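Here's the structure we're looking at; comments come further down.
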Amino acid sequence: MPELSDKNYGYPVDEKVEMKVISTDSLLTYQFPYLGKYLLRLMVNNGENFQYKFFNLTVSAGYDEGLAILTEDETGKANLSFLKTLTEQEIADGVKHSVKSDFFKDLDIKNPQAIISPNNKAIYISDDEGRILVFNQQTMALDMICRPEQLSNSYITSFSGYFYSSSSDKLGCYVFTNDKKVYRFDSNMGELSTLTSTSGVIMPYEDIQAEFLLKADYKYAPYIDYTNSVVTCPYSNFIYLKDYSESYKLLAVSYPRYKSSGYFYLIAELKEDPGKYVVIKEYYRWDKTQELNTYNLPDEPTISNKTKFINGKTYKDYLYYVYNNKIYRWDFQYKGMPAVGDFMPFDIPSEEQILDICFNSDGSKLLVVTYNSMRSTELKGSIYAYDPDTTERLADFEGVIHKAVDMIYKTL
């Protein structure tokens with residue numbers, strides 16, 4: 001006789017916990033009213049004695065972990081595609097991977113710009129009308145659409161980081177606009193703010209000079225000013241700023257690895273020795289700055305301030321990036337940047353244009369999203385999965401999505 005409670009996850013169940021009988025059959029068939037965690041109590045009775053057995057059950061919509069890709073078709077209409085990561089049980093049961101792409105079928109969203117899932121608590125998407133659309137990260141259902149007054153003539157081009165908003169169960173994040181403005185987005189109020197730092201550098205967010213916002217899944221958001229070689233990191237109500245211009249000219253910045261411990265990498269040319277560059281491991285509070293090896297800058301660098309770097313497996317600090325439609329891997333702590341042509345031999349079809357790359361949650365798979373304008377089908381985008389060390393192709397899904405604009409790897 002299975003009994004159910006969603007009010008207590010402890011063991012054992014005390015008499016204060018409300019439970020109800022949901023089945024007396026040997027096969028449990030029950031439609032749970034909400035997503036979430038439940039405690040099940042099974043009474044086993046042989047006619048003479050009985051005992052209780054307890055189980056923790058998680059009910060989900062099937063979108064807990066996977067690759068979420070923000071796309072647009074040839075008319076600019078937005079869509080969201082999701083490639084679910086299968087659980088060990090699903091793999092054992094013979095479940096096949098599939099890409100779901102109809103989340104926006106009833107929504108009128110044009111010209112999407114960016115996507116983020118701050119601390120995996122919600123999904124935010126921006127469009128070129130200045131709107132922010134908030135989706136439930138478990139069901140992918142639309143929760144809210146807002147258009148802050150600051151975006152009457154602009155729109156968000158990138159999101160980063162997260163902070164706890166005015167409601168403790170809601171999260172906000174940092175944003176960057178097409179007119180190079182810096183704001184915090186509070187998802188509880190649906191508003192943008194230009195709060196002033198209470199410590200560190202006393203500066204309104206609106207006065208931060210930046211050309212680029214580094215997307216990070218952490219409680220900070222590095223804004224990069226390449227012209228003046230300055231990096232600014234809002235963190236909660238604090239703003240940390242560092243000016244590198246006396247010693248360095250900033251060339252590029254790397255994305256932190258998934259769930260990083262609060263650091264990122266800067267690639268900078270030495271002012272006192274032009275033609276040489278250094279890799280700097282930097283923490284958002286600038287209390288553990290580490291200057292790594294120095295290298296000669298090649299005549300044709302394979303990186304620029306527009307290069308997106310991603311970190312490899314957690315025990316290796318390789319940087320992966322795309323140059324001239326090839327994927328390069330840089331062992332930057334021991335070697336200079338790869339020369340032109342020294343790319344990794346991933347067998348991506350030559351007619352495919354690489355649009356974006358990322359890792360799954362444990363870094364064991366490199367996910368590559370491409371686009372082939374000559375493909376005869378309506379869906380011209382594809383997804384490839386590789387072993388990042390051996391370059392072996394693990395899976396491919398060709399012609400399954402529209403053209404990718406931005407993407408994230410989400411987990412619960």
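No experiment lies behind these values; they were computed from the predicted model shown.
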**Request:** Tell me whether the centres of the aromatic rings in Phe82 and Tyr63 are closer together than 6.0 Å.
**Result:** yes

**Request:** Return the minimal non-hydrogen interatomic distance between Lys77 and Leu107, and the atom names on each side.
**Result:** NZ-O, 2.9 Å

**Item:** Distance-minimising heavy-atom pair for Tyr295 and Asn293
**Value:** OH-CB, 3.3 Å

**Asked** In Å, rounded to the nearest 0.5 Å, how long is the span from CG of Leu366 to SG of Cys358?
**Response** 8.0 Å

**Prompt:** Any ion pair linking Asp342 and Lys326 (charged N to carboxylate O, less than 4.0 Å)?
**Reply:** no

**Prompt:** Between CG of Leu319 and CD1 of Ile267, what distance do you get to the nearest 0.5 Å?
**Reply:** 6.0 Å

**Prompt:** Is there a donor in the side chain of Gln209 and an acceptor in the side chain of Tyr223, or the other way round, less than 3.5 Å apart?
**Reply:** no

**Request:** Report the C-alpha separation of Asp102 and Lys100 in whole Å, then their side-chain angles, then the decisive distance to 0.1 Å, and conclude whether the salt bridge (Lys or Arg N to Asp or Glu O under 4.0 Å) test is met.
**Result:** CA-CA 6 Å; Asp102 60 352; Lys100 182 177 173 61; 2.8 Å; yes

**Request:** May I ask you to check whether Tyr384 and Phe346 place their ring centers less than 6.0 Å from one another?
**Result:** no

**Message:** I'd like to know if the side chain of Glu300 pairs up with that of Tyr323 as donor and acceptor (distance under 3.5 Å, no hydrogens or angles considered).
**Reply:** yes

**Item:** Gap separating the NZ atom of Lys281 from the CD atom of Glu291, nearest 0.5 angstrom
**Value:** 14.5 Å

**Request:** Run the salt-bridge test on Arg375 and Glu352 with the 4.0 Å N-O cut-off and return the result as yes or no.
**Result:** yes

**Side-chain donor-acceptor contact under 3.5 Å, Ser101 with Ser81** = yes

**Prompt:** In terms of side-chain heavy atoms, does Ser187 have a donor or acceptor partner in Lys121 at a distance below 3.5 Å?
**Reply:** no

**Item:** Residue pairs passing the side chain to side chain donor-acceptor pair (under 3.5 Å) test where at least one lies in residues 65-74, sequence neighbours excluded
**Value:** Glu65-Ser361, Glu65-Tyr409, Asp73-Thr75

**Fill in**
Between Arg131 and Ile109 the two heavy atoms that sit nearest each other are NH2-CA, 3.9 Å

**Message:** In this structure, is the centre-to-centre distance between the rings of Phe104 and Phe135 below 6.0 Å?
**Reply:** yes

**Non-hydrogen atoms of Ser154 and Gln150 that approach each other most closely** = OG-O, 3.6 Å

**Asked** How far apart are the closest heavy atoms of Ala122 and Ser117, and which atoms are they?
**Response** O-OG, 2.8 Å

**Request:** Can you spot which of Val368, Thr370, Leu67 makes a side-chain contact (heavy atoms from CB on, under 4.5 Å) with Ile383?
**Result:** Leu67

**Asked** Ring centres of Tyr174 and Phe163 under 6.0 Å apart?
**Response** yes

